[in-house]
Amino acid sequence: MSDEKTLDLLEAKIQELRELNKVDGLDLSAEISKLEKKLAQMRTELYANLADWERVRIARNTKRPYALDYIGAIFPGFYELHGDRMCGDDRALLTGFAELDGRKVAIIAQQKGRDPAENKERYFGMARPQGYRKATRMMHLAERFRFPIISLIDTPGAYPGLESEEKNIGGAIAASILSMLEIEVPTIAVIIGEGGSGGAVAIGAADRVLMLENGIFSVISPEGAAAILWKSKERVKEAAASLKLTAPELLDMGVIDEVIPEPLGGAHKDIVQTASALKQGLIHHLDELSEKTIDEIMAARYERYRDVGRYSTLSD
Amino acid sequence: MSDEKTLDLLEAKIQELRELNKVDGLDLSAEISKLEKKLAQMRTELYANLADWERVRIARNTKRPYALDYIGAIFPGFYELHGDRMCGDDRALLTGFAELDGRKVAIIAQQKGRDPAENKERYFGMARPQGYRKATRMMHLAERFRFPIISLIDTPGAYPGLESEEKNIGGAIAASILSMLEIEVPTIAVIIGEGGSGGAVAIGAADRVLMLENGIFSVISPEGAAAILWKSKERVKEAAASLKLTAPELLDMGVIDEVIPEPLGGAHKDIVQTASALKQGLIHHLDELSEKTIDEIMAARYERYRDVGRYSTLSD
Amino acid sequence: MPIFKDKQYFRVKLDKEADESLWLQCKSCGELVFKRRVRENNNICPNCGEYFFLTAKERIESLIDEGSFEDVSRPIIADDPLGFQDEKAYPQRLEEAQQKTGLPSAIILASASISQMPSVIGVMEFQFIGGSMGSVMGEQICHGMEEAIRRHCAFILVSSSGGARIQEGIFALLQMVKTTAVRARLARERLPFISVMTYPTTGGVLASIASLGDIIIAEKGAMIGFAGRRVIKETIAEELPKNFQTDAFALEHGIIDRVVKREDLRSELTSVLKFFQEEKKR
Amino acid sequence: MPIFKDKQYFRVKLDKEADESLWLQCKSCGELVFKRRVRENNNICPNCGEYFFLTAKERIESLIDEGSFEDVSRPIIADDPLGFQDEKAYPQRLEEAQQKTGLPSAIILASASISQMPSVIGVMEFQFIGGSMGSVMGEQICHGMEEAIRRHCAFILVSSSGGARIQEGIFALLQMVKTTAVRARLARERLPFISVMTYPTTGGVLASIASLGDIIIAEKGAMIGFAGRRVIKETIAEELPKNFQTDAFALEHGIIDRVVKREDLRSELTSVLKFFQEEKKR
Ligand SMILES: [Zn+2]
Ligand SMILES: [Zn+2]
C-alpha cells in the first residue's frame, strides 16, 4: 500500500500549495494544476483495477463512510427506533423510518464506530441477537405500514461471543432471514462496506442487492479462510482473491443487481458524490419494484432465492 | 383452620381403625362406618360454604395437584417442548403437545415446585419473560398445525425481579395476550390453582375459561390488596372477600364459563376424581368449539373480550 | 353515587381555572416561581428544569393545537361491580377522585389536532385513583381506537398509571385483554398507535396496551416497570441497579423506542404523525 | 472432475460393506470391542457408553425402518463456481471426499419410513468436507422439503456441519437464504419439520435451516454453536463456561426443545411422527 501512501502525501502537498496560493497571493496555479493531473493519473493507475485484497482494505478503511453518513446524506429525516422489545438495544444495528425523495421507507442499518469509545458501544459493527431481533421487529412494523425496506450492510459478521451464543445468535439470524423473505413489502439491500457472512445475509435477503464499488460480500473473512484453508494468516491476499468477494465479481456471477460507483480511491474521497450515486440507485430500484404488484414481488423473490447456487446435473 | 386440622386427625384415626380391622381380625366395621359418616358430615359443614380466604388457602395448599399432576392424569403422552428460542427455558411455564381423548392439543401450563429445590428451579410458579415468550412460540406453533390450545393456569403472578424487568416482562405479557387473541385455533384456559394477575391473564385470554372449584383468579393477591388498601397485611381475609376471586363468584359475574367440582376438602383429597371432572369439562368445551367454524370462534372471542367490563351509561 | 350524573356535567373542557395563587415554590431548587410562567413552560421549573406534575388536562393542553380539543369519550362512569369496601367504599373513592380532578374517570379521551394533523388521544390522570385502569378506562381506550379507525387517524395514548384498578377486581384485570383485542384491530387497519409512557407506567397498563405501541416514547423522567420496587424487594433479596425502572433503563433494555424531553414531546409527535399522515408522493 | 459422473454410480445404497477388521479399541475406555456389536448398538461403546462417530449412512440406518431407504436426492454434483484453489484445488477436495465417503455430496437425502410412517429425511455427512453446506447441499435440502410437500409427510434434517462451504464462496452463503425460503413454504403447507442437531451443528447451518425446525432435537453430546471457540477467543478475551456450546447449554438457553440420547432418537422421532401423522379421531 505504499502507493496509496504516496497518493495521500501528494494530495496533502497540493492542499498546502493551494493554501499558500490563497494566503500569500503567490501564483502557483500552474504548478498546482500540473500536480493535480499527475495525482489523477496515479489514482487511476492504482485503483482502476484493484486487486481483491485492496478492495478489502478499502471496504474496511476507517475513513470510509458508515451507514449514518449515508443516512445523513440520503435520508435527512431519519427517525430512529430503538430496542428489540426483548432485552436490549443493539447499537451495531440501527432501525428507523425515513423518507427517500418523498417515498416512505424503513431503514435497517449496520453501523461501525469511528473511535475506540464508539466501537466499544457498537461492537465494531458486529450485531448481537438483540440487533437481529430489532431488525426483525422493524421488518414486521414496515410490513404493517407498507413501507419498503432498505437495509445498509456493513459488518465484519455477527458478534462472536458468549452473549451471542447465550441469546441464540443462530436462531436470531435464521429468524431474520425468514422475516426478510416473508414480509410483503419491497426490499432493497446495499452492501456499503463489509458484507460479512451470516451477519450480513441476515438483513440482506432482499429483492434487490446493490453494492458499493469497493464493498465486499463474503462467506468468510479472507483472514478466516486463510487460517482454515491455507493454515496461514499470511495468505490473506490469495484468500481474498479466491473468494471472489468484490462487487464487480459478484455482479459478474449474477449474485448482486448493481454496482454503485465510488470515486477513485474510495467512497471516503467524496462522500457527497457516493451518496448521490447510491441515492439514484435506490430510487431507481425502488421505483422499479413499486411498479410491480406485491404478488409479483413475492414470486420473484422466491424464485431468486429458490434458484441460487451452482451445481452440475448428471447425465442419465 | 383448626376445624380442618380436626378433620385431618379424624381421618387419620379412621385409617388406623381400618388397618386394625384388617390385621387383627377385630370387627370394627360398625364403629368405622359411624366415624366415616361423622367425618363426611363435618366436611360438608366445613367446606360447603367456604369463605373466600379459605379458598385462597386451598388454592395455595402445597398438597394441591399441580399442572403436571393433571397432565399426567389427562394427557399421558405429553411431549414437552422447551425453550423460547431467545435466551432460556423457563421451568415455571411448560409447553408441549398432547392428546386429549384422541384430540391433538397444545398445552401451556404453569407449574409450581413441590419442594424447595424444585421451587428454586420453578420460581414458585412465577414465570419470567422467557416463559411467556415460550408460550407465545407455542401458540404460533399450535396455530400452524391447527391444534387447539389448553392452558393450565397456576401462578401467584409473573416473577417480580430484576431479570424480569430487564427482559421486558410487561412487553412479554402483552405480546402473549395478543397472541392468545390472534391465533386462529380454539383455546381453553383452566385455572387449576392460583390465577394471579397479569401473569395468569397472559395465557388466560381464551375462548373458554374454566376454573377448578377452589381455584382463585384475581387482579392482585389478597396480601397485596390488604397492604395497599387496608394498609395492613392482617386484613387479608377482608381483602380476599372483597376481591370476589373464587370460582362460584366469578361464574356468577359471568367472567368464567364453568366451575369444575372438586372433592370436599380440595382437589388433593382425590386427584383422580378431580382430573376426571376436568377432563370431561375440557372434552365438552373442546367439542363445542370444534363444531364452530374458526371465523365464528374468532368473532365470539372478539366480542367476549371487547365487551368485558362493568360501567354505567349516563342518561342524556 | 358519583357526582357526574348526566352528560352535561360530564364533558371535559380545557377552560383554565383562575389561579388562587400566583406563585409556587419549586421543590427541587426552592425558588419561588411565577405559576403562569411554569404552566406556559409545560410545568417545568423555569429556574432549574425540574418537571412538575402534569394533570391530564395540562398534559393534553401541552400537546395539542389550541382550540382543537373535543371530548370524544363515551358518557360512562364507573360501576361498583364487586361492592368493594376497604377503608372507604369504592363509590366514595370515585366521588372524591372526581371532585379532586374534575374528571369523570382516570382518562381523558379526545379528538384533537397536533400541528394541524388529526388524532385521537387518550391521557391518563394519575391523580384519579393512581390512574388505575378499570372498566371505564378500558372502554374509553377501546372506544378511542375505534374512533381512530372511524376517523382514519393515529391513536395516541399517554400513560400515567399505577396499574389495574384493584376495586374492580377481575373486571379491571380483564381490561388488559380488552384493550389488546381492540389494539389488534387497529393494527389490521394499518393505523399507527403511539404509546407515550410517563411517570409512572406500571403493572397491568404496562403489561398490556402501553407496551403494544407501534412506537413507544417515554417522557424523560418516566418510571417504567411491571412490579413495584416494594414487591420486588419483598419477594427477592436482590440488589437493584441505580437506574432501575427509569427511562434510561427501559431504553437500554429495548423496552421503548425513544426518550423525549417534555418540552420536545409535541414536536416529536408532530414528526411521527407527519411521517404517517402524508400521502406518498408517488 | 468428481468421480461420480453419471447417475448409476450416484445413488446411495445402504449395503453393508464387509468389515476388514472384527474388533476396535474404544478410545474412551480402552476396551477392545466387537465391531459388529458396536454397529448394532448405534455406534455406542457397549462397555462404557461412549458415542463413536456415525457416518451419514450409519446414522440413517439407525433411524429408519430396514429396507425402506430410497435415495430421492437430485442427480447433481458440486460445481467449482469460483475456480477455488487453496492448498488443493476444490475439485480435487471434492473427489477425495467422494472417495472417502462413497457419497456424491455431504448430504444423503432419502424417503424412508420410521416405524411405518413415511418421511423425507436428510442426513449430513461430516466426513465430506466437514459436512459443509454448498450449493448441492442447499439444493438437496430444498428438494427434500419439496418432496415432503409432494408426499405430504414430515421432513427431518439431521445436521452435522462445520457451516458454509468456503470453497463455494457467496453461493454457499446464500444457501442460508435458499433453504429458509423453501422452509417457509413447508410451513405454509403445515407439514412438520424436525431438526436434529448432532455433533457439530454450527455456523451457517445453525444460523439458517437447522434453527428453523418446528421441533429441534439435539443428540446428547451434540456441539451447537454459531462461532467457533477459536474465533471467539481471538475476538474477545472472554472466559467461556464449561458447558459452552454443549447440548446442555443449548437447552438451558432455550435454543433447542429436547436433548435425546442416541439410542432413543428413533423412538423419539417415532413419537413425534405419530403425533403429527395420525388423523384426529373426530
Ligand atoms: Zn426549580
Ligand atoms: Zn468404551
Side-chain angles (χ1 to χ4, degrees), chain B residues 126 157-175 177-178 180-182 197-198 200-202 204-205 217-220 224-231 235 238-239 242-245 249-250 253 255 301-302 304-316, chain C residues 4-7 10 74-79 81-82 84-87 134-136 138-139 142 164-178 180-185 203-204 206-212 224-227 231-232 235-236 238 240-241 244-245 249 253-255:
Chain B
M126 296 182 285
Y159 174 74
L162 178 58
E163 185 189 357
S164 280
E165 304 284 339
E166 284 175 336
K167 289 183 176 149
N168 195 9
I169 182 72
I173 289 175
I177 297 172
L178 185 61
M180 274 300 278
L181 293 175
E182 291 196 318
S197 191
V201 95
F217 187 19
S218 180
V219 67
I220 191 170
I228 293 171
L229 295 179
W230 280 265
K231 321 265 189 264
R235 311 286 286 273
E238 283 161 82
S242 297
L243 286 167
K244 299 226 189 319
L245 41 60
E249 288 164 313
L250 292 163
M253 296 192 291
V255 165
R301 186 187 299 165
Y302 186 77
R304 173 186 191 130
Y305 289 109
R306 174 63 188 85
D307 290 344
V308 74
R310 293 275 181 91
Y311 48 79
S312 295
T313 305
L314 293 174
S315 53
D316 273 298
Chain C
F4 292 91
K5 293 186 192 77
D6 57 45
K7 279 186 188 170
F10 171 85
R74 290 196 56 198
I76 55 175
I77 47 170
D79 255 2
L82 311 188
F84 202 94
Q85 166 103 31
D86 47 78
E87 290 184 313
S135 292
V136 170
E139 176 63 25
C142 292
R165 174 87 41 97
I166 299 173
Q167 292 88 347
E168 293 186 22
I170 195 71
F171 294 106
L173 183 64
L174 290 174
Q175 300 309 305
M176 294 171 69
V177 185
K178 173 168 173 160
T180 301
V182 181
R183 193 272 171 271
R185 209 152 260 208
L206 179 71
S208 63
I209 189 69
S211 285
L212 293 170
I224 296 165
F226 176 68
V231 176
I232 296 173
T235 317
I236 300 103
E238 259 184 309
L240 299 175
F244 187 60
Q245 296 186 336
F249 180 91
H253 292 292
I255 297 167

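Chain A is the first sequence line, chain B the second, and so forth, proteins listed ahead of strands; every chain is numbered from 1.
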Check: Is it the backbone or the side chain of C:R183 that comes under 4.5 Å from a heavy atom of chain B, or both, or neither?
Finding: neither

Next item on the list: With a 4.5 Å cut-off on heavy-atom pairs, point out which of C:S208, C:A207, C:G203, C:A184 contacts chain B the most.
Entry: C:A207

Next item on the list: Give the member of C:Q175, C:R165, C:K178, C:E168 that has the highest number of heavy-atom pairs under 4.5 Å with chain B.
Entry: C:K178

Item checked: chain C contact via B:Y302 - side chain, backbone, both or neither, heavy atoms under 4.5 Å -> side chain

Next item on the list: Could you tell me which portion of B:V308 (side chain, backbone, both or neither) has an atom closer than 4.5 angstrom to a non-hydrogen atom of chain C?
Entry: both

Margin query: Please give me the minimum heavy-atom distance between B:L229 and C:F84, naming the atom from each residue.
Written below: CD1-CE2, 3.4 Å

Item checked: Per-residue contact mode, C:L212 against chain B (heavy atom under 4.5 angstrom) -> side chain

Item checked: Proximal component of B:M253, with respect to chain C [non-hydrogen, under 4.5 Å] -> both

Notebook entry, point to check: B:L181 versus chain C, heavy atoms under 4.5 Å apart: side chain, backbone, both or neither?
Noted result: side chain

Checklist line | Sequence-distant partners of B:Y159, ring-ring contact (aromatic ring centres under 6.0 Å, His included), two or more places apart | finding: B:Y123

Notebook entry, point to check: Given that the side chain runs from C-beta out, which part of B:I228 has a heavy atom under 4.5 Å from chain C: side chain, backbone, both or neither?
Noted result: side chain

Checklist line | B:E238 versus chain C, the contacting section by heavy-atom distance below 4.5 Å | finding: neither

Next item on the list: Check each atom of B:K167 against the heavy atoms of chain C and say whether the ones under 4.5 Å are side chain, backbone, both or neither.
Entry: neither

Notebook entry, point to check: Side chain, backbone, both or neither: which part of B:S218 has an atom under 4.5 Å from a heavy atom of chain C?
Noted result: backbone

Item checked: Non-neighbouring partners of C:A164 that pass side-chain contact (heavy atoms from CB on, under 4.5 Å), sequence neighbours left out -> B:V219, C:A172

